[in-house]
There are 2 protein chains.
Amino acid sequence: MKDVVIDILKHNQLSITDNRLGILELFQKSSKALSHADIERLSEKHFDRVTIYRTLQTFVDKGIIHTIPTADNSIMYALCKEACSEGHHHDDHVHFLCGQCGTTYCLDNISIPEVNVPKDFIVHQTNVLVNGVCKNCR
Amino acid sequence: MKDVVIDILKHNQLSITDNRLGILELFQKSSKALSHADIERLSEKHFDRVTIYRTLQTFVDKGIIHTIPTADNSIMYALCKEACSEGHHHDDHVHFLCGQCGTTYCLDNISIPEVNVPKDFIVHQTNVLVNGVCKNCR
DNA sequence: ATTAATTTTGCAACAGCGTTGCAAATGAAT
DNA sequence: ATTCATTTGCAACGCTGTTGCAAAATTAAT
């Protein structure tokens, strides 16, 4: 477990620190997307708010995690799949937000349908955010 | 123009105030989605920040405008189409965010494709957010 | 294994967004 | 015109996210 996390950091030329190990392990353990507040709450050791922000930003820059746009306007983070590389994210899956428990899921298996935009618009990325009730809350 | 705006307010049992008239006119005039900051900047008369927040919230509650989830985590607002009624939004269209100029468009004509989620999840609403470059910036 | 160079962390301070309570001002109704 | 309900502005607050800088930890090199 810890080995996997260390490998990820090394692959991305990041030095190994308690903070990064801890946060990355949280993502590994969680099937859900996490907010900054979640991470602050779930961390065993206490890390400074600023450190957590900077770590999340670093992970996003490296393509280790990605952000998810949410309707309630809080930033959620989730692990990227192997296809993600620095700068270019391929998180072409659907995100599901449960209105009951507030959990955000990455539905990795469900690919994003093609969306037709006017032909004078150029598409870079498409996000699909589904709101509803998850399997645990119904 | 002003008549239309007054009608909308009356239909929603809202009293007619300068603030509401002004903000609603901004939305009528704009083909783009507006942020709180946009509204504060565009208003001819100066309205208090708090008043603008409350007005936007009121309009959202009444189904006059809807919010748009954005990748950069700022709340954008846009006019709802006629199908929207109090509490239940049918903004089943695609939102397009231009990475160059930051403009958010409602692509009203383009309907949202059906998304297959696991069968133990219940879908209430689907948001599609397309990032790219708009016709003016390419 | 020590030391030097680089990176990361924690603290303090700050700006921006959004909310709440309350008193004054405005709009609606008689 | 007066009354009642609603809306507005102000002050204050909490939360989120950022920046600068010095201390601590990590990496690299001897």
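The sequence lines fix the lettering, A, B, ..., with proteins before strands; numbering per chain opens at 1. Note: hydrogens, waters and symmetry copies are ignored here, and every other heavy atom, side chains too, is used.
B:H36 and B:Y53 have their aromatic ring centers within a separation under 6.0 angstrom.
Ring geometry, B:F121 versus A:Y105: the interplanar angle exceeds 60°, so the pair is classed perpendicular (tilted spans 30 to 60°).
With a heavy-atom cut-off of 4.0 Å to chain B, the contacted part of DNA chain C has its first and last nucleotide at C:dC17 to C:dA28.
Mapping A:D18 and B:T58 onto DNA chain D via the closest heavy atom, the residue that lands nearer the 5' end is B:T58. Taking the nucleotide of DNA chain C with the nearest heavy atom to each of B:V50 and B:Y53, the more 5' of the two is matched to B:Y53.
Atoms CD (B:Q57) and C1' (D:dT7) sit 15 Å apart, rounded to a whole Å. Note: CZ (B:R20) to P (D:dT6) measures 11 Å, nearest angstrom. Put simply, CG on B:D48 is 10 Å from C1' on D:dA11, counting in whole angstrom units. Following rounding to the nearest Å, B:I16 (CD1) and D:dT8 (P) show an atom-to-atom distance of 11 Å. Rounded to whole Å, the distance from CD1 on B:I75 to C1' on D:dT16 is 13 Å. A:R49 places its CZ atom 9 Å from the C1' atom of D:dT18, with the value rounded to the nearest Å. Atom pair B:Q13:CD and D:dA5:C1' shows a separation of 15 Å (rounding to whole Å applied). The distance from atom NE2 of B:H46 to atom P of D:dT8 is 13 Å, rounded to the nearest whole Å.
A side chain to side chain contact (heavy atoms under 4.5 Å, CB included) with A:N127 is found for one member of B:T70, B:L129, B:N127 and no other, namely B:L129.
Using a 4.0 Å heavy-atom distance criterion, A:R54 is classed as a base contact.
Counting only heavy atoms from C-beta on, B:N19 has its side chain closest to D:dT8 among D:dT19, D:dT26, D:dT8.
Contact record, A:I112 with A:T126: CD1-O, 3.2 Å, taken as the closest heavy-atom pair. B:V94 and B:S111 get closest at one heavy-atom pair: CG2-O, 4.5 Å.
Checked for salt-bridge contact, B:D18 and B:K45 meet the test: a charged N lies under 4.0 Å from a carboxylate O. Looking at A:D38 and A:R41, a side-chain N of the basic residue comes within less than 4.0 Å of a carboxylate O on the acidic one, giving a salt bridge.
In this model, the phosphate group of D:dA25 is not approached by any side-chain N or O of A:T17 to a distance below 4.0 Å at OP1 or OP2.
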